Amino acid sequence: MYGEFQLIDPAEFADFHVRLAAPSGLRRWIKPQVLFYFDGIPAFKPLPLGQALPMLEWGLNWCVAAHCHQYLVIHAAVVEKNGKAVVLPAPPGSGKSTLCAGLVCRGWRLLSDELALYDMDSNLIYGMARPVNLKNASIDVIKSFAPEVVMSEPVADTTKGTVALMRPPSASVQQAQNSALPAWIVLPKYLPDAPVSLESNSSAHTFLLLAEQSFNYDILGVRGFRAVGKLIDQCDCYRITYSDLEAAVLTLDRLVAECVYG
Amino acid sequence: MAERDLLLRALLTEPNQLMSASASQWDLLIRQARSSNLLARLANHFVEANLLEIVPHSPRQHLISALRLVDRQNIAMRWEVECIRKAVADTEMPIILLKGAAYVLSELRAARGRLFSDIDILVPMHRLADVESGLMLHGWQSLQYDEYDQRYYRRWMHEIPPMRHVRRGTVIDVHHSILPPTARVKVNTEALLAAAKPLVGHNSVYVLQPTDMFLHSATHLFHEGEFEKGLRDLFDLDSLLREFGSKDGFWEKLVPRALELGLERPLFYALRYTNLILGTPIPISVFMAAMVAKPVGGLLYVMDFCYLRALRPLHPSTDDTGSRSARFALYLRSHWLRMPLHLLAYHLGRKALIRDNETMAERNDPNIRNV
C-alpha cells in the first residue's frame with residue numbers, strides 16, 4: 001500500500017512516531033491482537049491482529065485530526081485536476097470514499113479520501129495521498145470499475161464493517177507534498193437507482209456542513225469561522241446525487257472541463 | 001547536548017540557543033515536550049522571544065498547533081467558570097478557583113502556554129451538598145464510578161467524585177479541602193478559605209491569596225503519585241515564584257504561612273526542586289527558614305533520588321535504570337501520605353484485585369468518526 005512512498009532518513013524530523021505491535025504476554029498466541037503505539041505509548045484499545053492495516057489507517061487519521069490545529073482539518077475527500085481541487089465533504093455513508101476512488105481511477109490526483117488539511121494562511125489544501133479506505137459494497141464496486149487497481153485483502157468484522165484499502169496511484173504519491181487550490185465543494189450522495197444530478201447548493205448550507213464536518217472547528221474559534229467562510233468564497237458549491245459511479249465521474253469531469261474551456 | 005536534558009535546556013535557555021539544533025534534536029524535543037504536556041509552553045517560549053520564525057518549518061507546525069489549542073482553552077476556561085458561577089449562584093456561595101483555572105482568570109504568567117484538562121474548585125465542607133446539587137441542576141453529572149469509588153471519595157477524600165457536564169463534556173473537581181482528611185499532614189483549611197481574594201470583575205469568584213496559591217500547588221505536586229504532568233506542575237511553581245516573588249511581602253510571608261497552614265514539608269520540596277531542576281531564584285533567607293521541614297537523615301537523599309528522576313520530562317529518552325523504581329516509590333509514598341496503613345492496605349488490595357485497565361488507551365477512540 002505504501003510501496004511508492006519515500007522513506008525518510010532516521011536523522012530527519014518526523015511528525016509522528018507510530019508503531020503497530022502485538023501486546024506482550026499470552027495474547028501473542030491466543031487470539032492475537034495488535035496495538036497502535038503513539039511515541040511508545042498505546043493510543044487505543046487493542047484490535048484483533050487481522051485488523052492491523054485498518055488500525056494503522058485510523059491511527060494515522062487520529063494523529064492528524066488530534067494534533068494538527070495549524071490546519072482546519074475537514075472530514076472530506078480531496079481530488080485535483082488541472083491544478084484545481086474538488087472537496088467532497090460528507091457524513092458517513094454518503095459514498096464519498098467511493099466517488100473519490102472512482103475519480104482517482106480515472107486520472108484525478110488523490111490528495112486524501114478522508115482528511116482535507118486547509119491552510120488558513122495560503123488558502124490551499126494539503127493531502128497526504130494515503131491509501132483510500134473502501135467499505136462493504138464499495139470494495140466490489142471499485143474492483144469492477146477499475147480492475148487494474150491494487151487492493152488490500154478485505155478485512156471483515158471491523159467496527160465499520162468490511163474494509164479494504166486501495167493503493168494510491170504513484171503520480172499522486174509523488175505529488176503528495178503539493179497543495180491544491182480548492183475550486184469546488186461538492187456534497188456527494190449515493191442514492192440507489194437515482195440518475196446522476198448535479199445541482200448548486202447554497203453557501204449557507206455548505207458552510208454549516210463544512211463546520212460540522214471539521215474536526216477542529218471548535219478549537220480554532222474565530223479563525224475556524226473565517227477559514228470556512230474563506231473556503232466557501234473560493235469555491236462553487238454543488239451537490240451530486242448518483243447511483244452509477246461512471247456517470248458521476250463523467251459529470252465531475254465535465255464540471256472541470258467547463259471551467260477550463262467554458 | 002545530552003538527549004535527556006533536551007527539553008529542559010530548551011525551556012531554560014534563550015530560544016536562539018536552539019538555532020543550531022539538528023533535525024533529529026528537534027524531533028526528540030517535540031516528542032519530549034508533547035508527552036510532558038509542555039508543547040504549548042515550549043511554543044510560548046519562542047513566541048515571547050519573538051523567535052517562533054527561527055524554528056524549522058516542520059517542528060514549527062507542531063508548536064503552532066499547540067498555541068491554537070491554548071488560545072481556545074483560555075477562552076473556554078473563562079466561559080466554563082462563568083457557567084459554574086451561574087450554577088451555584090443560588091447557593092450564594094463564593095467559589096474558590098484552584099490551579100489552572102486560578103492561573104487563567106488571575107492572568108498569571110503560569111497560565112501562558114499551559115494546557116489543562118479540568119477545573120478544580122474549593123468550597124467549605126458544610127456547603128458541599130448545596131454546591132453539588134446546584135451543579136447537578138445545571139447539567140453536571142457524577143462520572144460513572146461504582147459504589148465503592150463513590151463511598152471511597154465521599155468518606156476518605158478531600159473532593160467529591162469528578163462531575164462532567166452532559167452537553168459540554170467539561171469536567172469539574174469539587175474540593176472541600178486541599179488534602180484528604182486522613183492525610184498525615186493536617187491542613188488548616190479554615191485559614192485557607194478565610195484569606196481567599198475576590199477576583200476583580202467576577203462576582204462571587206475567588207482565588208487563594210498568592211502564598212496560599214503557591215502552597216496549594218506545591219502540596220498537590222508533592223503529594224502526587226503519578227507524574228504525567230509532574231514537570232508541567234513544577235514549571236507552574238517556578239512561574240508562580242518568579243511572578244509573586246517580585247511583589248512586596250511574598251517571600252517574607254511564605255514560610256510563616258506554610259507553618260500556619262501545616263504545609264512546611266511540601267514547601268521545602270517545592271523550593272528545593274524548583275531550584276535544583278529549574279534554577280528558580282529563591283532568597284537564601286527563605287531557603288534557610290524552610291529548612292525546618294527538611295527530612296531528617298538519609299531520607300533527603302532518597303527523596304532526591306526519586307524526585308530528580310520522576311520530575312524529568314516523561315519520555316523514554318529521559319529514563320535511566322532508577323526511573324521506574326523512583327516513580328513506583330513515589331506512587332507508594334503518595335498513598336502512604338494519604339491515609340493510615342489499615343485503610344491503605346484495604347484500598348490498594350481492592351484496587352489490585354479489581355484492576356481496571358483504564359489507561360490512555362481507553363480514552364481515545366480509534367474510530368475518530370464513524371467513517
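What you see is a predicted model, and the numbers here were worked out from it, not measured in a lab. Below, read A as the first sequence line, B as the second, and so on, with proteins coming before strands; counting in each chain starts at 1.
Heavy-atom distances place no part of B/S22 under 4.5 Å from chain A, backbone and side chain included. Of the atoms belonging to A/F36, not a single heavy atom falls under 4.5 Å from chain B. Heavy atoms closer than 4.5 Å to chain B are found nowhere in A/D9, neither backbone nor side chain. Heavy-atom distances place no part of B/R60 under 4.5 Å from chain A, backbone and side chain included. Only the side chain of B/I30 comes within contact range of chain A, judged by heavy atoms closer than 4.5 Å.
Classification of the B/W26-B/F46 ring pair by plane angle, with boundaries at 30° and 60°, yields tilted. Aromatic ring orientation, A/F44 versus A/W62: perpendicular (interplanar angle above 60°, classes split at 30° and 60°). The aromatic rings of A/Y217 and A/F207 lie perpendicular to each other, with more than 60° between the two planes, well past the 30° mark. Ring-plane geometry between A/Y2 and A/F5 is classed as tilted, the angle between the planes lying from 30 to 60 degrees on a 0 to 90 degree scale.
When the options A/L187, A/L72, A/L231 are evaluated for a side chain to side chain contact (heavy atoms under 4.5 Å, CB included) with A/L210, the one that passes is A/L231.
Interface summary for chain B: among A/P54, A/A14, A/S94, the most heavy-atom pairs under 4.5 angstrom belong to A/A14.
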